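Every number for a ligand or one of its atoms is a count from 1 in the order of the listing. Predicted, not measured: the structure shown is a model, and the values here were computed from it.
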Amino acid sequence: MAKKRSLKEYRAKRDFTVSPEPSGTARAAHVSKRPASKLIFCVQKHLASHLHYDFRLEHNGVMLSWAVPKGPSLNPADKRLAMQVEDHPRDYADFEGVIPSGYGAGVVMLWDYGTWEPPGDINEGLEKGHFKFTLNGTKLKGSWAFARLGRTFGSKPQWLLIKHKDEWAGTLDILTFAPLSVKSGQDFKGILAKGYPEEWKVAPPAKGGEAGKMYATLLAKLRPKKPAKKNLWVSNKA
Ligand code: MN
């Protein structure tokens, strides 16, 4: 039996009067325009309280979603922890922007986008806890697998995301080789430059750790430079 997918949890966590994220009530143009036979996938690089990558596969009208702390790897020897999270709306798949506050507050970059091919019956794979699939993205391609672990995070299962050996596998570090957005070509600074929330000057989404350092660097770079004042006084040092 296929599990009924719902956006109830997704909507309950967010305040759409504050967050620019899609509520999932409108059908995005790119979704209705794509060939009906194709399913979309995306990976969003998300600098929130921690940097992570959100991996999403379209299924039954929603995006099945996993948070991957270390991001996907092209190396079949790397087994990347993927924590399943609430299903997201389909029009989330090309979302990029700034979430000022609340759940997931931070910067979201559309890091990869494309289509995916499930292995026959995906419901069976989800139930059994193991399925292979193919990605046709800009950065991620070829054969991949999800394998469920026997433990959960909150109420959701944890999985491993693994690249299969094929012509797209290798030791190239795709995260550092191709760090930018496939939508805008921007880095976090570029996405944030369009308008970062005022309150982040005092309280950015992360203060300590790696993410805290990233915010401090980003916000310092974005601080408007004071125009050099002409010194009307004769300087001793001149
Ligand atoms: Mn996230």
Side-chain angles (χ1 to χ4, degrees), residues 5-16 18-24 28 40-59 62-73 80-114 116 135 137 139-140 144 146 149 152-161 174-175 178-184 186-192 194 196-197 199-200 203-215 218:
R5 316 303 314 189
S6 156
L7 295 174
K8 220 173 136 186
E9 186 182 346
Y10 173 84
R11 292 197 183 108
K13 282 181 171 172
R14 292 165 175 82
D15 176 357
F16 298 108
V18 175
S19 174
E21 296 167 288
S23 64
I40 44 178
F41 96 95
C42 75
V43 182
Q44 273 133 343
K45 190 172 168 181
H46 186 184
L47 180 58
S49 54
H50 293 91
L51 176 67
H52 61 274
Y53 292 75
D54 291 306
F55 191 97
R56 310 187 200 281
L57 300 174
E58 182 187 359
H59 172 59
V62 300
M63 303 299 291
L64 303 174
S65 297
W66 290 263
V68 185
K70 288 188 176 172
S73 169
R80 291 288 158 91
L81 179 67
M83 296 177 286
Q84 195 163 2
V85 298
E86 76 275 14
D87 294 343
H88 278 50
R90 264 197 311 201
D91 45 346
Y92 207 96
D94 70 349
F95 174 72
E96 175 169 289
V98 177
I99 304 169
S101 60
Y103 186 75
V107 196
V108 178
M109 175 203 290
L110 188 62
W111 182 80
D112 201 9
Y113 181 90
W116 78 284
L135 293 179
K139 299 172 185 178
L140 305 182
W144 295 72
F146 261 122
L149 296 167
T152 57
F153 177 74
S155 60
K156 306 265 187 333
Q158 296 190 355
W159 299 68
L160 293 174
L161 174 63
I174 191 69
L175 304 182
L180 303 179
S181 164
V182 291
K183 186 178 187 181
S184 61
Q186 303 273 16
D187 58 7
F188 279 137
K189 193 183 107 192
I191 296 164
L192 207 43
K194 288 175 200 143
Y196 67 90
E199 63 260 39
W200 287 15
K207 276 205 161 165
E210 279 305 305
K213 267 186 230 162
M214 289 177 76
Y215 274 108
L218 276 172

Protein N, O or S atoms lying under 2.8 Å from the Mn ion (ligand 1), listed by chain and number
H46 ND1, H52 NE2, D54 OD2

Does any donor atom in the side chain of E96 or S184 lie under 3.5 Å from an acceptor atom in the other side chain?
yes

Salt bridge (charged side-chain N to carboxylate O under 4.0 Å, His left out) pairs touching residues 47-56, sequence neighbours excluded, are D54-R56

Hits for salt bridge (Lys or Arg N to Asp or Glu O under 4.0 Å) against E86, two or more places apart or cross-chain, chain-then-number order -> K13, R14

Should the pair H88 and Y92 be assigned to parallel (<30°), tilted (30 to 60°) or perpendicular (>60°) ring geometry?
perpendicular

Kindly write out the residues that satisfy ring-ring contact (aromatic ring centres under 6.0 Å, His included) with F188, not counting sequence neighbours, or none if the list is empty.
none

Taking atom NZ of K70 as the centre, report whether more than 12 heavy atoms of other residues, nucleotides or ligands fall under 6.0 Å from it.
no

